[in-house]
Amino acid sequence: MPELPEVETMRRGILGAVGGTIVSLESCRCRRRPITIQPELSVIRRRIQGALVTDVRRVGKRVVLCTSAGFVVVEPRMSGLVTIAEPPTREHLRLRITLQNCALREILFWDRRGLGVVRLMSAAQLDELSRTRLGPDALEISPDELRHRLAGSRRPIKVALLDQARLAGVGNLYASEILHRARIDPRQECQRLTAPQWLLLHGAMRKVLQEAIRHEGSTLADGTYRNTLSQLGSYQAQHAVYDRAGETCNRCRRGTIVRIVQAQRSTFYCPTCQPAAIGKGNANRR
DNA sequence: CATATGTCCTGAGAGC
DNA sequence: TGCTCTCAGGACATAT
């Protein structure tokens with residue numbers, strides 16, 4: 001599922017659109033229910049045709065095509081893919097943006113599950129989204145800000161990392177990887193993390209996300225995620241814990257990775273590398 | 001306000 | 001073989 005590294009890979013993959021002009025934006029007539037498009041397609045098309053592409057940005061887990069007629073915000077959610085090559089299947093192709101006067105002929109949006117959303121937004125709407133729905137980007141946030149935005153909460157740190165309104169970009173897969181790297185128990189309450197742990201967490205988050213970007217994201221067993229050229233990502237080979245329940249931890253070589261469920265989502269961790277914090281009660285007991 | 005839960009959706013795999 | 005069931009999870013709406 002596209003998280004920050006996958007979406008950043010999509011962004012970089014369509015940078016060639018900058019300087020180009022949008023010729024058309026059309027829904028691909030597949031038998032499937034069309035993805036959510038706001039406002040309706042005919043309205044977007046009327047506004048966007050002939051617009052100049054000025055930039056391609058990433059806002060959390062969304063790709064944003066910046067144009068002279070507004071911002072095309074693509075939200076891949078579970079199974080969405082931005083591609084410029086042959087998508088995994090024909091039948092789940094949802095949207096085609098045709099370009100001219102630039103390196104790319106077209107940008108496609110493919111989505112097997114169809115939960116993705118494409119919106120044309122004004123600068124004010126995009127600003128509103130970033131301000132009210134999203135916290136600072138995981139690759140831009142400072143150590144202090146990370147701590148201040150999450151520290152007060154009683155939720156488990158793993159659950160808090162997924163809250164896009166607090167911190168934008170981290171999803172279920174990378175949350176487990178980051179906590180393993182930081183040697184923090186995913187069940188630990190935010191308010192009980194120590195100052196050194198917050199620092200460790202910040203460093204681990206940067207390391208994991210940057211490394212994952214270098215590998216162009218993670219393609220899981222379902223094979224859905226690809227880069228914009230339809231090639232597999234390679235970060236899955238570097239996963240220390242995600243989807244590795246039952247395996248021996250490669251770092252400590254002693255612990256066995258376990259899977260637990262937090263907020264209806266799988267969490268993977270190594271109980272040996274990521275020991276449970278000693279509770280207050282236990283600390284005082286003799 | 002913070003936190004928890006239900007919903008959308010499809011394809012894979014389990015179990016009978 | 002072929003059916004039904006369960007599960008995966010990002011973002012958002014709704015409930016507590």
Side-chain angles (χ1 to χ4, degrees), chain A residues 1-10 27-28 30-38 58-64 73-82 87-95 109-119 121 125-126 128-135 137-138 148-179 186-192 209 212 217-226 233 236 239 241-245 259-268:
Chain A
M1 37 292 147
E3 303 181 24
L4 188 152
E6 289 77 21
V7 176
E8 177 62 19
T9 303
M10 295 176 195
S27 158
C28 300
C30 47
R31 278 173 285 142
R32 315 266 161 181
R33 157 191 164 277
I35 53 157
T36 302
I37 299 179
Q38 292 171 346
R58 180 182 57 77
V59 175
K61 299 176 193 171
R62 296 161 168 91
V63 185
V64 182
V73 179
V74 179
E75 209 178 309
R77 299 210 179 177
M78 294 302 301
S79 59
L81 214 54
V82 172
T89 64
R90 274 275 151 208
E91 63 171 327
H92 300 103
L93 202 50
R94 311 284 179 157
L95 201 68
F109 184 67
W110 177 93
D111 189 351
R112 189 206 294 160
R113 293 185 189 170
L115 298 177
V117 179
V118 174
R119 294 187 178 92
M121 301 177 90
Q125 286 172 315
L126 182 59
E128 151 98 7
L129 169 74
S130 331
R131 263 200 354 267
T132 66
R133 301 271 195 204
L134 301 173
D137 191 85
H148 288 132
R149 290 192 67 91
L150 301 182
S153 168
R154 291 187 307 279
R155 301 143 103 189
I157 182 60
K158 156 66 167 24
V159 177
L161 284 175
L162 300 183
D163 185 345
Q164 301 300 299
R166 304 242 162 215
L167 172 72
V170 176
N172 198 53
L173 188 164
Y174 292 103
S176 284
E177 292 298 317
I178 289 164
L179 288 169
R187 301 165 301 175
Q188 189 164 347
E189 284 182 16
C190 291
Q191 60 181 3
R192 300 183 65 175
L209 295 176
S218 303
T219 300
L220 303 182
D222 67 5
T224 292
Y225 169 74
R226 311 292 176 93
Q236 63 279 5
H239 291 176
V241 289
Y242 187 82
D243 208 15
R244 293 193 181 281
R259 171 186 180 269
I260 60 172
V261 174
Q262 298 180 285
Q264 289 90 242
R265 270 128 178 92
S266 300
T267 300
F268 298 88

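So that the names make sense, note that chain A is the first sequence line, chain B the second, and so on, each numbered from 1. The figures that follow rest on heavy atoms only: side chains count, while hydrogens, waters and symmetry mates do not.
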Practice problem: For Val159(A) and for Arg265(A), find the nucleotide of DNA chain B with the closest heavy atom, then tell me which residue's nucleotide is more 5'. | Solution: Val159(A)
What contact category does [X] fall into here, base, sugar-phosphate, or nothing, at under 4.0 angstrom with non-hydrogen atoms?
| X | answer |
| --- | --- |
| Tyr242(A) | sugar-phosphate |
| Arg155(A) | sugar-phosphate |
| Arg259(A) | sugar-phosphate |
| Met1(A) | sugar-phosphate |
| Ser153(A) | sugar-phosphate |

Quiz item: Any salt bridge between Glu189(A) and Arg154(A), counting N to O under 4.0 Å?
Solution: no
Quiz item: Is the closest basic N to carboxylate O distance between Asp111(A) and Arg77(A) below 4.0 Å?
Solution: no
Between atom [atom1] in [X] and atom [atom2] in [N], what is the gap in whole Å?
| X | N | atom1 | atom2 | result |
| --- | --- | --- | --- | --- |
| Tyr225(A) | dG9(C) | OH | P | 18 Å |
| Gln264(A) | dG9(C) | CD | P | 11 Å |
| Leu115(A) | dT7(B) | CG | P | 15 Å |
| Gln262(A) | dT3(B) | CD | P | 14 Å |
| Leu220(A) | dG9(C) | CG | P | 9 Å |
| Glu3(A) | dA11(C) | CD | C1' | 13 Å |
| Asp222(A) | dT10(B) | CG | C1' | 11 Å |
| Asp111(A) | dC9(B) | CG | P | 12 Å |

[options]: which one has an atom nearest the side-chain heavy atoms of [X]?
| X | options | answer |
| --- | --- | --- |
| Glu91(A) | dG11(B), dA8(C), dA11(C) | dG11(B) |
| Ser266(A) | dG10(C), dT10(B), dA8(C) | dA8(C) |
| Arg133(A) | dA13(C), dA11(C), dC9(B) | dA13(C) |
| Arg166(A) | dA11(C), dT10(B), dA2(B) | dA2(B) |
| His92(A) | dA13(C), dG11(B), dA11(C) | dG11(B) |

Quiz item: Can Tyr225(A) and Glu3(A) be counted as having a side-chain donor-acceptor contact under 3.5 angstrom?
Solution: no
Quiz item: Pick from Met10(A), Met78(A), Glu75(A): which one makes a side chain to side chain contact (heavy atoms under 4.5 Å, CB included) with Pro2(A)?
Solution: Met10(A)
Exercise. Kindly indicate, with the supporting measurements, whether the criterion side chain to side chain contact (heavy atoms under 4.5 Å, CB included) is fulfilled by Val82(A) and Val74(A).
Key: CA-CA 8 Å; Val82(A) 172; Val74(A) 179; 4.0 Å; yes
